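Order of appearance sets the numbers: ligands from 1, and atoms from 1 within every ligand. For clarity, every value in this text was computed on a predicted model and none was experimentally measured.
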Amino acid sequence: MSWEDNVRKVVPYVPGEQPTNKNIIKLNTNECPYPPAPKVRELINDMKYEDFRLYPDPEAKSLVNVLSGYYGVPSDQVFVGVGSDDVISMAFLTLFNSDKPILFPDITYSFYDVWADLYRIPYKQIPVDDEFKIHKEDYYGENGGIIFPNPNAPTGVLEDLDFVEDIIKHNQDVVVIVDEAYIDFGGKSALPLIDKYDNVLVVQTFSKSRAMAGMRIGYAFGSKKLIKYLQDAKFSFNSYTMNRPSLALGTAAVEDDKYFKDTCGKIIATRERVKKELTELGFEFPDSKSNFIFAKHKEKSGQEIFDALKSNNIFVRHWNSPRIAEYLRISIGTDAEMDAMLEFLRGYLK
Ligand SMILES: *Cc1c(COP(=O)(O)O)cnc(C)c1O
């Protein structure tokens, strides 16, 4: 007998690389290439450092209220956390407490199986088809809960609201989580469905469209009952999840709506242009409604292109996993960053 027999052993999630070298083009973790809203910078200068000796508001009211106002959802139907990873992790722990397997796609956010393993939740990964499409009928059987991103990651494939609602309709006796990390880049949010179904959790984040990955802010909407269960678990886990700067600066970011919409618009315009250029270079990809493109080249292997880009200080994401080893996930950067990448590829693929 050893103490190690009592250890909860897990194989951790591997996040995208955060290189310390500043002289790189970083297209590997879907961050926003533009800075946070100007209002955020103004507030940084006004923040009182003496206040850091005090605990933050455990209920995160300033942030909850601004999200409540912006999205038109009562504040007792809003949950916030340290990035949507924290929100989803808490949701797994609280809402997927079942002996039946939870369901999610085989090609999807690779944190889901890690949380399921961590919390000992049985799960079944359902293959997407060869076009990376989810088939809603695959989710009609008995299960312990469902989670999928819309648009899906790392494919970028968006489903419409009818599709999302159909899955919810067929799963009224379990919780359905819609992970909308990329919804601001051209999709329709499932948020209105929380009024119709009390078993739905819609999760979003400040990390991609609001340019604040470094502040770690995520949030979710659901029925009053469902959010209360999440709050009870959160307060049993860690009362002070959100720190003072995140609460203050997150609130400022939501208040600057014009900047937010302009930024999303710029990223969408760059994405559409890069789609055309990648096609001309011999890449194929499912149509993306996110801030990345999941592309494979008709001739050159994914690993080769990944290595070539990296040795030229252009970082993209590549997984050596079945079905997707030939693909690269390329985040949408500024126009100048994308031009530099395309210029390199033009020479490299010639
Ligand atoms: C980026 C991402 C998240 C997590 O983002 P946070 O930075 O933790 O808010 C969650 N789900 C998907 C699908 C993502 O791509």
Enquirer: Could you grab the distance from atom CZ of Phe260 to atom OH of Tyr34, nearest 0.5 Å is fine?
Expert: 14.5 Å
Enquirer: Between Tyr123 and Phe104 (judged by ring centroids, cut-off 6.0 Å), do the two rings come close enough to count as a pair?
Expert: yes
Enquirer: Could Lys298 and Phe283 be counted as a cation-pi pair, given that NZ or CZ must be under 6.0 Å from the ring centre and within 45° of the axis?
Expert: no
Enquirer: With a 4.0 Å cut-off, would you call Asp339 and Arg273 a salt bridge?
Expert: yes
Enquirer: Ring of Phe292, cation from Arg329 - is the NZ or CZ under 6.0 Å from the centre and inside 45° of the axis?
Expert: yes
Enquirer: Taking the hydrophobic residues Ile, Leu, Val, Met, Phe, Trp and Tyr, and joining any pair whose side-chain heavy atoms are under 4.5 Å apart, which ones share a cluster with Tyr140?
Expert: none
Enquirer: Got the residues with a heavy atom under 4.0 Å of ligand 1, by chain and number?
Expert: Gly83, Ser84, Asp85, Tyr109, Ala153, Asp179, Ala181, Tyr182, Thr205, Ser207, Lys208, Arg216
